Amino acid sequence: MAQINPSILSADFARLADEAEAVRGADWLHVDVMDNHFVPNLTLGVPIVESLARATDIPLDCHLMIEQPDRWAPQFVEAGAGSVTFHAEAAAAPVRLAREIRAMGARASMALKPASPIEPYEDLLPELDMVLIMTVEPGFGGQAFLDIVLPKIRRTRQLIEKHGLDLWLQVDGGVSAETIARCAEAGADVFVAGSAVYGAADPAEAVRALRAQAVAATAGAPWSCAH
Ligand code: DX5
Ligand code: ZN
């Protein structure tokens with residue numbers, strides 16, 4: 001199944017509960033945590049995730065764009081995140097961290113910036129529930145989709161199939177009506193969309209339309225989206 005995760009980075013931060021309600025039907029809410037060190041932007045932390053988890057029944061997909069995720073990720077699980085993504089470039093001990101996140105009851109996910117290859121992490125994939133392939137440089141919403149990342153999405157899908165893993169493949173950055181089909185054809189099955197959802201007149205309808213495009217783009221593919 002194709003999953004659509006609206007990014008609240010493009011929402012009104014003073015009205016987060018309403019903004020969650022505005023995307024009813026979305027699979028997860030994508031929560032971008034930035035520390036102004038790993039990326040040149042600063043957003044939100046544990047207390048807001050805690051409040052948001054109480055305010056919505058849509059599960060939270062926390063994307064940590066921070067240094068020292070080994071230290072912080074467990075606190076986001078405790079705050080109520082159902083999925084926690086750390087960056088491979090920032091994690092000191094990714095295997096230990098993934099195991100800790102899973103042991104606490106959340107889904108463990110690892111993200112790669114556009115220039116980071118997937119191949120060094122092949123043996124680590126069974127430790128993960130999701131891989132996030134960034135399709136922009138992390139830090140800001142509303143950036144242009146980077147086509148150069150498509151081959152890496154394809155190679156990641158091949159590795160997932162090769163090892164027979166039940167592993168979701170998420171794309172994040174510049175995902176819109178113009179680009180989602182390309183991502184789905186390349187092998188992604190979880191799609192983060194910020195400006196394309198919250199910039200739409202009807203965000204819930206934008207979620208449905210994006211999902212329909214992703215499903216159509218992968219009809220007949222041997223993996224996920226269509227079934
Ligand atoms: C960027 C964030 C994304 C961002 C996507 O660093 O990780 O989740 O919100 O925004 P759009 O969909 O507008 O590119
Ligand atoms: Zn994100």
Side-chain angles (χ1 to χ4, degrees), residues 2-13 16 19-20 22-23 26-45 48-49 52 58-67 69 72-73 76 81-91 106-116 129-150 152-153 168-184 188-201 203-204 206-207 209-211 213-214:
Q3 302 189 65
I4 307 294
N5 301 8
S7 167
I8 58 162
L9 188 60
S10 296
D12 179 349
F13 274 31
L16 285 181
E19 295 284 61
V23 294
D27 297 279
W28 297 75
L29 266 190
H30 185 82
V31 180
D32 287 306
V33 178
M34 304 185 189
D35 67 352
N36 193 36
H37 291 276
F38 183 71
V39 289
N41 197 3
L42 187 61
T43 56
L44 54 88
I48 291 182
V49 170
L52 187 58
I58 304 176
L60 303 184
D61 160 34
C62 283
H63 176 194
L64 306 185
M65 284 159 279
I66 60 174
E67 289 181 356
W72 287 100
F76 285 92
S83 174
V84 176
T85 300
F86 57 85
H87 266 266
E89 302 88 353
R107 295 178 61 88
S109 160
M110 190 184 73
L112 294 172
K113 299 207 286 184
S116 301
D129 297 298
M130 184 168 80
V131 169
L132 194 188
I133 305 287
M134 291 299 303
T135 40
V136 297
E137 290 295 344
F140 301 93
Q143 300 182 78
F145 180 81
L146 293 175
D147 272 291
I148 55 149
V149 181
L150 288 168
K152 181 165 61 178
I153 299 171
W168 297 349
L169 177 42
Q170 184 177 68
V171 284
D172 181 10
V175 176
S176 69
E178 285 69 47
T179 58
I180 194 167
R182 269 177 277 165
C183 296
D189 56 5
V190 184
F191 306 86
V192 176
S195 44
V197 167
Y198 281 106
V207 169
L210 286 170
R211 190 186 286 117
Q213 272 190 288

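Predicted model, so just to flag it, every value in this text is computed and none were measured. We count ligands from 1, going down the list as the structure has it; atoms in each ligand are counted the same way.
Of the options V175, D172, V192, a side-chain contact (heavy atoms from CB on, under 4.5 Å) to S7 is made by V192 and by none of the others.
Each of the following atoms of ligand 1 lies closer than 4.0 Å to a heavy atom of H30: 8 (O). Heavy-atom proximity to P138, at under 4.0 Å, picks out these atoms of ligand 1: 6 (O). The ligand atoms of ligand 1 that sit less than 4.0 angstrom from a heavy atom of A193 are 12 (O). The ligand atoms of ligand 1 that sit less than 4.0 angstrom from a heavy atom of G142 are 10 (O), 11 (P), 13 (O), 14 (O). The H63 neighbourhood of ligand 1 comprises atoms 7 (O), with distances under 4.0 Å to a heavy atom of that residue. Which parts of ligand 1 touch V192 is read off a 4.0 Å heavy-atom cut-off, strictly below it: atoms 8 (O). Under a 4.0 Å criterion applied to the non-hydrogen atoms of M65, ligand 1 contributes the atoms 6 (O), 7 (O).
On a distance-only criterion, G173 and ligand 1 share no N/O pair closer than 3.5 Å. Taking only nitrogen or oxygen atoms, main chain and side chain alike, D32 reaches within less than 3.5 Å of ligand 1. Checked against a 3.5 angstrom limit, the closest N/O atoms of S10 and ligand 1 fall outside it. Some N or O of G194 is nearer than 3.5 Å to an N or O of ligand 1, by distance alone.
Side-chain contact between P114 and P138 is present, with at least one heavy-atom pair separated by less than 4.5 Å. Between L44 and V49 there is a side-chain heavy-atom pair separated by less than 4.5 Å. Using a 4.5 Å heavy-atom cutoff, the side chains of I66 and W72 are in contact. Taking 4.5 Å as the limit, every side-chain heavy atom of F191 sits out of range of all side-chain heavy atoms of Q170. Side-chain contact between L112 and K152 is present, with at least one heavy-atom pair separated by less than 4.5 Å. I8 is listed as a side-chain neighbour of L52, based on a closest heavy-atom distance under 4.5 Å.
Taking the centre and axis of the six-membered ring of W28, the NZ or CZ atom of R107 falls outside the cone set by 45° and 6.0 Å.
G139 N, 2.7 Å is the protein heavy atom nearest to atom 6 (O) of ligand 1. Ranking protein heavy atoms by distance to atom 1 (C) of ligand 1, first place goes to F140 O, 3.5 Å. Among all protein heavy atoms, the one lying closest to atom 14 (O) of ligand 1 is G174 N, 2.8 Å. Distance from atom 10 (O) of ligand 1 to its nearest protein heavy atom, with residue and atom name: G141 CA, 3.5 Å. Among all protein heavy atoms, the one lying closest to atom 13 (O) of ligand 1 is S195 OG, 2.5 Å. Among all protein heavy atoms, the one lying closest to atom 9 (O) of ligand 1 is S7 OG, 2.7 Å. If you check which protein heavy atom lies closest to atom 5 (C) of ligand 1, you get D172 OD1, 3.5 Å.
Counted by atom type alone, H30 and D32 present one or more donor-acceptor pairs between their side chains at under 3.5 Å.
Judged purely by atom type and a 3.5 angstrom limit, D35 uses its side chain to pair as donor or acceptor with the backbone of F38. Remark: the backbone N or O of F145 is not paired with any side-chain donor or acceptor of T135 at under 3.5 angstrom.
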Using side-chain contact (heavy atoms from CB on, under 4.5 Å), reason through F140 and L9 one step at a time and then give a plain yes or no.
CA-CA 8 Å; F140 301 93; L9 188 60; 5.8 Å; no
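Nearest approach of R211 to A26, heavy atoms of both residues: NH2-CA, 4.2 Å.
Between the ND1 atom of H63 and the OD2 atom of D172, the angle taken at the Zn ion (ligand 2) works out to 90° after rounding to 10°.
Ligand 1 lies nowhere less than 4.0 angstrom from a heavy atom belonging to A196.
The atom of D32 that is an N, O or S and sits closest to the Zn ion (ligand 2) is OD1.
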